[in-house]
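What follows is a short report on a single structure.
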2 protein chains.
Amino acid sequence: MVEVPAQQRSTRQRRAVSAILDDLDGFASAQQIHDKLSHRGEKVGLSTVYRNLQALVDAAQVDMIRADDGEVLYRRCNAGHHHHHLVCRSCGRTVEVSGSAIERWAEAVAAEHAFVEVEHTIEVFGTCSSCAAR
Amino acid sequence: MVEVPAQQRSTRQRRAVSAILDDLDGFASAQQIHDKLSHRGEKVGLSTVYRNLQALVDAAQVDMIRADDGEVLYRRCNAGHHHHHLVCRSCGRTVEVSGSAIERWAEAVAAEHAFVEVEHTIEVFGTCSSCAAR
DNA sequence: GACTTCTGTGAGAACGGTTGTCAAAACGAT
DNA sequence: ATCGTTTTGACAACCGTTCTCACAGAAGTC
């Protein structure tokens with residue numbers, strides 16, 4: 001009758017998505033991840049990829065950013081703390097960066113103009129050395 | 001025969017979109033602008049609104065940012081220099097801010113990891129004092 | 001294993017913002 | 001007024017994402 005809170009089940013698809021994220025060292029879109037799954041021979045529906053990525057984002061296991069064209073990109077992210085990204089716009093390779101100076105700047109700016117409940121998005125895009133070499 | 005490079009023509013629609021932007025003091029989406037035009041009795045096609053906004057962005061007369069949900073927001077922006085925004089997520093009211101410290105930080109971070117052709121997006125969202133009062 | 005229950009899946013439809021199409025309208029120069 | 005070119009707008013197409021819902025398949029129980 002009164003049963004356990006209902007856990008997440010371990011399914012083949014869930015494991016496959018998670019495995020792809022582990023092998024990725026940069027951001028990738030849901031559709032790119034779906035393609036990679038196909039290439040591995042894993043058949044996973046696109047909806048399922050989206051659902052599981054969203055679940056991982058909710059569980060704070062995956063970071064989510066928005067590319068210039070509006071597409072959403074995902075990346076495994078263990079770090080529990082607040083941070084930003086330096087992303088290669090060509091290969092997606094990513095470095096996590098954090099800067100307390102930035103956080104303080106954002107808060108100061110907001111306070112100066114009496115804004116509350118402040119959030120900020122800071123992402124740095126560039127071309128990494130190996131991509132620039134080509 | 002060989003004629004002038006072809007100027008932008010002054011059309012009713014173009015003027016109407018521009019007028020709306022002048023009356024706006026925050027960011028608004030293309031569709032919101034389209035609605036405002038309708039309320040004024042100006043009949044302008046949605047495609048035309050998008051086209052003219054894009055043209056203004058290209059002409060550096062309008063700033064463009066992407067909201068959390070991916071929607072694109074526009075705002076008249078005279079300032080020629082590089083800057084960022086402090087945006088009220090409730091009413092769209094916007095303050096232009098610039099911080100050389102931030103620019104230097106972004107460049108330093110990129111240089112440290114040998115990234116080139118660096119760009120950054122920094123937007124601060126919050127609730128402005130008048131919206132917070134409600 | 002067999003049975004049950006409830007979560008997860010997937011094919012496809014729907015959605016929402018944006019861009020493309022193309023014939024008709026209209027600007028501006030003559 | 002006329003002409004050549006740009007601009008417009010109704011509508012379709014696009015594209016990433018979310019929704020729907022019948023069915024598959026975890027995990028618990030006996």
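- A:Ser47 contributes a side-chain N or O that forms a donor-acceptor pair with the base of C:dG12 under 3.5 Å.
- Using a 4.0 Å heavy-atom distance criterion, B:Ser10 is classed as a sugar-phosphate-only contact.
- Taking every side-chain heavy atom of A:Leu46 into account, D:dT17 is the closest of C:dG10, D:dT17, C:dT18.
- Atom CZ of B:Arg66 is separated from atom C1' of C:dT18 by 10 Å (rounded to the nearest Å).
- Separating the CG atom of B:Leu53 from the P atom of D:dT8 is a distance of 12 Å, rounded to the nearest angstrom.
- Atom OH in B:Tyr50 sits roughly 19 Å away from atom C1' in D:dT7 (whole-Å rounding).
- Taking atom CG on B:Leu37 and atom P on D:dG9, their separation rounds to 10 Å, with Å as the unit.
- When rounded to the nearest whole Å, the span between NZ of A:Lys43 and P of C:dG10 equals 11 Å.
- Closest contact between the side chain of B:Arg9 and the listed nucleotides C:dA26, D:dA27, C:dG17 involves C:dA26.
- Remark: C1' of D:dT17 and OH of A:Tyr74 are 8 Å apart, rounded to the nearest angstrom.
- Of the candidate nucleotides C:dG17, C:dT9, D:dT18, C:dT9 has the atom lying nearest to any side-chain atom of A:Thr11.
- Summarising the geometry of A:Gly92 relative to A:Val87, their closest heavy-atom pair is O-CG1, 4.0 Å, with the distance given to 0.1 Å.
- Taking every heavy atom of both residues into account, B:Cys128 and A:Phe115 meet most closely at CB-CZ, 3.6 Å.
- Two residues, A:Gln54 and A:Arg15, neighbour DNA chain D, and the one matched to the more 5' nucleotide by heavy-atom proximity is A:Gln54.
- Looking at B:Asp23, B:Leu24, B:Val17, B:Val49 one by one, the single match for side-chain contact (heavy atoms from CB on, under 4.5 Å) with B:Lys36 turns out to be B:Leu24.
- When distances are taken from the side chain of B:Thr48 to each of C:dT18, D:dG9, C:dG10, the shortest belongs to D:dG9.
- A:Arg51 comes within contact range of at least one nucleobase, with a heavy-atom separation under 4.0 Å.
- Electrostatic pairing of B:Arg66 and B:Glu123 does not count as a salt bridge here, judged by no charged N lying under 4.0 Å from a carboxylate O.
- If you check every strand for non-hydrogen atoms under 4.0 Å, B:Asn52 touches sugar and phosphate atoms only.
- For B:Gln8, no side-chain nitrogen or oxygen approaches OP1 or OP2 of D:dT6 to under 4.0 Å.
- Distances were taken from every side-chain heavy atom of A:Gln31 (C-beta onward) to each of C:dT18, C:dG10, D:dG16; the shortest belongs to D:dG16.
- Between B:Asp25 and B:Arg93, no side-chain nitrogen of the basic residue sits less than 4.0 Å from a carboxylate oxygen of the acidic one, so the salt-bridge criterion is not met.
- Remark: P of D:dT18 and CD of B:Glu71 are 15 Å apart, rounded to the nearest angstrom.
- What separates CZ of B:Arg14 from P of C:dA26 is a distance of 15 Å, to the nearest Å.
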